[in-house]
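Reviewing the structure listed below.
Every chain is numbered from 1, with letters handed out A, B, ... down the list of sequences.
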Amino acid sequence: MSAIKVQLPDGSTRSLEEGSNARDLAGAIGSRLAKDALAAQVNGELTDLTRPLENGDVVAIVTPASDLGRDVLRHSTAHVLAQAVVRLWPGAYYAIGPSIRDGFYYDFELPHGARFSDDDLGRIEDEMRSIVAEDQPFLRSEYSIDEGLQLFKDQPFKVEIISGVGSGANPEDATEVGGSVVSTYSNTPEFQDLCRGPHVPSTKRLGHFRLMRVAGAYWRGDEKRPQLQRIYGTAWESKEALSAHLTQLDEAEKRDHRRLGQELDLFSFPSELGPGLAVFHPRGGTVRRVMEEYSRTRHVAGGYEFVNTPHITKAELFETSGHLDWYAESMYPPMDLDDGQQYYLKPMNCPFHVLIFKARQRSYRELPLRMFEFGTVYRYEKSGAVHGLTRVRGMTQDDAHIFCTREQMAQELADLLDFVLGLLRDFGLNDFYLELSTRPDVKSVGSDDEWNEAETTLADVARGAGLDLLIDVGGGAFYGPKISVEARDAIGRTHQLSTIQLDFQTPQRFEASYIAADNARHRPIMIHRALFGSVERFMAILIEHYAGNLPTWMSPEQVKVLGVRDDHDSCAHDVAAALRLDGVRVSVDEANEPLGARIRRAKMEKVPYILVVGDEDVVSHTVGVNARGANDPERGVSVEDFRARLRAEIATHGSPELARAT
RNA sequence: GCCUGGGUAGCUCAGUCGGUAGAGCAGCGCAUUCGUAAUGCGCAGGUCAGGAGUUCGAAUCUCCUCCCAGGCUCCA
């Protein structure tokens, strides 16, 4: 009997009989591993356990509690979902069912125009559990393209995928099939699915899943093609992991900015105004004001000048800029005025800033010229796209446009990236990576040379920042590529925040120029940049990042002072007055309710500091300090000490709580 | 825009078979004077999202519109 040798991830080698597979290997290593094994990674390629190994292969056994393992079991759970749906709705078409972050989905079209409703999820889940209990093996078979077409002749979506692979029309289908071989998995003769694999050995290895929701999804993500119904599920390697995930979803829901916005009385969306139009209440208005004031201060220091522009304009402006060519659909419809002119609400600030640049002749000595505006724009977002403060129809951008020479742009961009990251850090975000979005396939203007230069310049700047850099192919604006700063929040979610776009086109379209040292006209280049993105969205992200516990410097109310009895109220007012001298936002909650009730209310309002004054404090000029997030209140803190502490915390934008939590 | 689900007091929600509207919190009034997350009693609060229809009778059934949620598409 000849033997083969395979290499393990730790570098050691094992001898196996010829024809052995990864399951045999796992068994040879240990019974525990054999029991856990879900799939294998052979020379970097994910495969079933049953595929025969070859001499010299590098083999890793994939187990459930790993990213690859979860991926495999989620994918297999998606197959079980499809099988369950076909059992319950004979004749259902099933399209694709990949694993995704935290789970999986599968897209279906039911016969006779039937549709899933939320109530169906329970029955489907029950059916899936019986399939799991039946301990069905996942068996792989391989066919030619023609055989595959015959096999799935009753499944139009599968036929399209197989034909697509044959013709090479959809390269991404190669992830469903594999090259020119059509592979399938069947658990029982009743259900067979087109799939590249790999899968777990048997359905009994699954089971810690839950179907989450049903949603519409266009076939191949194309809104012109039929809309299928997608069922989303989550699946994990253990009951504990599943329940931890569900708990985390609950936690995320508790910090949802829409919920906190209501609970903390920050903002609302009056239905009288229409979708995606928010009003900021006094408390939310305070947060906004603090954010804007801080941003202004930083921009002054950063060499920006401040401009203002109107909210509506004649159509001509957006014809020149090109926005009407690409974005007319998502602009509010024009107003037709008596003079025959059409006026639009502005969806962008940049063309206005170009006009300011053009208002007089410019010299190279003025460059870089940095114009900043909190510019309110209106975009007619599709009704299904609006979402809380993060996707609205009226928003204020912290928008600036920098006009500079080609020689200046690399340095200017590098300085800008530095400026951006510094500002974001001041708001308490500090885990970043960058994304470079390149020229879109169709929606774009300009020459290849210009785009190449712009992309190369941005890429160099991005790499110079020393952060991870991802490439988002085709994700740029129509006039130029962009760098976006992505930030991870306190619960690990990532948000696209600042964008920096390099634009050679707009100055040309508007024929902007400056006089250079050679006494000739030259074309400036333009950098578009927004740091918050929009004030509304950035506020939403911060609210969720801090779970509503905004750091003291941003809190709508920073201190609440409570007297123990009503004869302490005047002392409470004195303390508040002293703090107010320091610019602290402070109020007094007078003692006509029990202290505990007032403490509770202040806690629910997430006030950073609750000060209590009683008999001892009146005598010794002290307060009791109940800090948000601290375990125990302090007693007998001198008013002067507290003032100094608070001043320092506010000045440094400190967040003792977040520091405590991490 | 499309698919699914939803809209009852300021907020969170209950409301059975179609029989005429309910709780807790918040608000207001009175009493209570208290040392770190809920003092007691009382009062007031509703076009059941809006409109049309079926019915002796509609929060409840049907249709249309508006708004919200989760997705898909889109996101300068």
Side-chain angles (χ1 to χ4, degrees), chain A residues 105 107 115-121 212-232 256 258-259 262-263 265 268-276 318 321-331 346-351 377 379-388 390-392 397 440 443-444 475-480 482 496 499 501 503 506 528 530 533 537 562-569 590-605 610-617 623-627 630 632-636:
Chain A
Y105 67 79
D107 288 349
R115 302 202 170 276
F116 297 117
S117 87
D118 287 2
D119 298 336
D120 293 324
L121 293 181
M212 303 299 281
R213 60 182 65 94
V214 40
Y218 298 105
W219 170 233
R220 293 201 182 283
D222 182 346
E223 65 181 324
K224 292 182 187 65
R225 310 213 47 181
Q227 188 167 47
L228 310 180
Q229 277 193 296
R230 175 171 298 177
I231 295 177
Y232 281 94
D256 188 308
R258 292 165 300 183
R259 174 188 177 130
Q262 167 77 259
E263 287 174 2
D265 194 18
S268 60
F269 294 89
S271 56
E272 291 85 343
L273 300 188
F318 291 114
S321 73
H323 287 98
L324 270 172
D325 293 339
W326 306 114
Y327 296 106
E329 285 288 291
S330 48
M331 286 165 68
K346 71 170 167 183
M348 285 297 287
N349 301 303
C350 36
V377 299
R379 296 178 179 180
Y380 189 70
E381 301 285 0
K382 289 183 184 176
S383 64
V386 297
H387 176 96
T390 60
R391 194 78 182 274
V392 289
Q397 297 178 316
K443 266 189 188 180
S444 77
F478 73 85
Y479 47 71
K482 69 178 177 192
Q496 183 182 315
T499 58
Q501 300 171 344
D503 179 5
T506 306
H528 307 239
R537 196 174 96 95
L562 316 179
V564 174
R565 281 189 320 270
D566 57 7
D567 52 316
H568 303 125
D569 281 345
E590 295 186 346
N592 41 28
E593 280 175 287
L595 183 65
R598 287 175 289 145
I599 299 266
R600 180 181 138 86
R601 185 175 332 122
K603 287 288 181 189
M604 291 197 304
E605 288 169 8
I610 301 166
L611 303 186
V612 174
V613 294
D615 289 330
E616 301 158 27
D617 300 297
V623 290
V625 179
N626 187 330
D632 296 304
E634 303 165 64
R635 287 286 291 272

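For B:U4, the paired base is B:A69 (Watson-Crick or G-U wobble, both distances below 3.5 Å). Nucleotide B:G18 forms a pair with no other nucleotide shown, judged by Watson-Crick or G-U wobble geometry with both contacts under 3.5 Å. Base pairing of B:C75 is not made with any nucleotide, judged by Watson-Crick or G-U wobble geometry with both donor-acceptor distances under 3.5 Å. With a cut-off of 3.5 Å on both pairing distances, the Watson-Crick or G-U wobble partner of B:C25 is B:G10. In a base pair of the Watson-Crick type (N1 to N3 plus N6-O4 or O6-N4) or a G-U wobble (N1-O2 and O6-N3), with each distance short of 3.5 Å, B:U36 is matched with no nucleotide. With both pairing distances under 3.5 Å, B:C63 is matched to B:G51 as a Watson-Crick or G-U wobble pair. Base pairing annotation: B:G57 forms no Watson-Crick or G-U wobble pair, as no partner gives both donor-acceptor distances under 3.5 Å. Within the shown strands, nothing qualifies as a pairing partner of B:G45 under the Watson-Crick or G-U definition with both distances less than 3.5 Å.
Along RNA chain B, the nucleotide closest to A:Glu223 and the one closest to A:Gly388 are compared, and the more 5′ of them pairs with A:Gly388. Along RNA chain B, the nucleotide nearest A:Met331 and the nucleotide nearest A:Tyr232 are compared for position; the residue whose nucleotide lies closer to the 5' end is A:Tyr232.
Between A:Lys382 and B:C3 there is no side-chain N or O to OP1 or OP2 distance below 4.0 Å. At B:G70, none of the side-chain N or O atoms of A:Arg391 fall inside 4.0 Å of OP1 or OP2 (strictly under the cut-off). For B:C75, the OP1/OP2 oxygens have no side-chain nitrogen or oxygen of A:Arg379 closer than 4.0 Å. Distances shown here put every side-chain N or O of A:His387 at or beyond 4.0 Å from the OP1 or OP2 atom of B:C75.
Here the separation of B:U8 from B:C48, taken at their C1' atoms, is 4 Å to the nearest Å. Distance check on atom P: B:G29 versus B:A44 gives 15 Å, rounded to whole Å. The gap from the C1' atom of B:A21 to that of B:G46 amounts to 8 Å, rounded to the nearest Å. For B:U73 and B:G10, the C1' atoms lie 36 Å apart once the distance is rounded to whole Å. Using P as the reference atom, B:C56 and B:C28 are 48 Å apart when rounded to the nearest Å. If you take atom P in B:C61 and the same atom in B:C2, they sit 24 Å apart, rounded to whole Å. For the C1' atom pair drawn from B:A9 and B:A23, the interatomic distance equals 11 Å after rounding to whole Å. B:C67 and B:C30 have their C1' atoms separated by 41 Å, with the value rounded to a whole Å.
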request  = Check the pair A:Leu611 / A:Val625 against side chain to side chain contact (heavy atoms under 4.5 Å, CB included), numbers first and verdict last.
outcome  = CA-CA 5 Å; A:Leu611 303 186; A:Val625 179; 3.9 Å; yes
request  = Check the pair A:Asn349 / A:Val377 against side chain to side chain contact (heavy atoms under 4.5 Å, CB included), numbers first and verdict last.
outcome  = CA-CA 7 Å; A:Asn349 301 303; A:Val377 299; 3.6 Å; yes
inquiry  = Show, in sequence, the C-alpha distance, side-chain angles and deciding distance for A:Lys603 and A:Asn626, and conclude whether the side chain to side chain contact (heavy atoms under 4.5 Å, CB included) test is met.
reply    = CA-CA 10 Å; A:Lys603 287 288 181 189; A:Asn626 187 330; 2.6 Å; yes
query = Can A:Val612 and A:Leu595 be said to form a side chain to side chain contact (heavy atoms under 4.5 Å, CB included), step by step?
reply = CA-CA 9 Å; A:Val612 174; A:Leu595 183 65; 4.1 Å; yes
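A straight line from CD of A:Gln262 to P of B:C67 spans 19 Å, rounded to a whole angstrom. Rounded to whole angstrom, the span from the CG atom of A:Leu562 across to the P atom of B:U39 amounts to 13 Å. Protein atom CG of A:Leu121 is 14 Å distant from nucleotide atom P of B:G71, rounded to whole Å. Distance, A:Phe269 CZ to B:A49 C1': 18 Å, rounded to whole Å. Nucleotide B:C11 holds its P atom 17 Å from the CD atom of A:Glu605, rounded to whole Å. Taking atom CD on A:Glu263 and atom P on B:G10, their separation rounds to 18 Å, with Å as the unit. Between A:Lys224 atom NZ and B:C72 atom C1' there is a gap of 14 Å when expressed in whole angstrom units. If you measure from atom CG of A:Asp222 to atom P of B:C2, you get 16 Å, rounded to the nearest angstrom.
Put simply, the side chain of A:His387 reaches to within 4.5 Å of the side chain of A:Arg258, judged on heavy atoms. Using a 4.5 Å heavy-atom cutoff, the side chains of A:Lys346 and A:Pro351 are not in contact. Put simply, the side chain of A:Asp615 reaches to within 4.5 Å of the side chain of A:Arg565, judged on heavy atoms. A:Tyr218 is listed as a side-chain neighbour of A:Glu223, based on a closest heavy-atom distance under 4.5 Å.
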inquiry  = Treating primed atoms plus P, OP1 and OP2 as sugar-phosphate and everything else as base, which nucleotides of nucleotides 59-64 of chain B get B, S or - for protein heavy atoms under 4.0 Å?
reply    = ------
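In this structure, CD in A:Gln227 is found 8.0 Å from CD in A:Gln229, a value given to the nearest 0.5 Å.
Minimum heavy-atom separation, A:Gln501 to A:Tyr479: OE1-OH, 2.5 Å. Looking at every heavy atom in both residues, A:Asp617 comes nearest to A:Gly624 through OD1-N, 4.0 Å. Taking every heavy atom of both residues into account, A:Pro347 and A:Met331 meet most closely at CG-CG, 3.7 Å.
A:Arg213 contributes no side-chain N or O that, together with a main-chain N or O of A:Tyr232, makes up a donor-acceptor pair within less than 3.5 Å. When atom types are taken as modelled, the side chain of A:Arg598 and the backbone of A:Glu593 share a donor-acceptor pair closer than 3.5 angstrom.
Among the nucleotides B:C68, B:C72, B:G35, the one closest to any side-chain atom of A:Gln227 is B:C72.
With hydrogens and angles ignored, no donor-acceptor pair under 3.5 angstrom links the side chain of A:Tyr380 to the base of B:G1. A donor-acceptor contact under 3.5 Å is formed by the side chain of A:Ser330 with the base of B:A76.
Within 4.0 Å (heavy atoms only), A:Tyr218 reaches at least one base atom of the nucleic acid. Within 4.0 Å (heavy atoms only), A:Gly384 reaches at least one base atom of the nucleic acid. Within the 4.0 angstrom heavy-atom criterion, base atoms lie near A:Pro347. Nucleic acid contact class of A:Gly221 (heavy atoms, under 4.0 Å, all strands): sugar-phosphate only. Within 4.0 Å (heavy atoms only), A:Glu616 reaches at least one base atom of the nucleic acid.
Using a 30° and 60° split on the angle between ring planes, A:Phe478 and A:Tyr327 fall in the tilted class, from 30° to 60°.
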Could you go through nucleotides 27-34 of chain B and list every protein N or O atom that sits under 3.5 Å from one of its N or O atoms, giving the distance for each pair?
unit_1	atom_1	unit_2	atom_2	d
B:U33	O2	A:Asp566	N	2.9
B:U33	N3	A:Asp566	OD2	2.9
B:U33	N3	A:Ala591	O	3.2
B:U33	O4	A:Asp566	OD2	3.1

Would you tabulate the pairs of protein nitrogen or oxygen atoms and nucleotide nitrogen or oxygen atoms of nucleotides 4-7 of chain B closer than 3.5 angstrom?
unit_1	atom_1	unit_2	atom_2	d
B:U4	O2'	A:Asp118	OD1	2.8
B:G5	O4'	A:Asp118	OD2	3.4

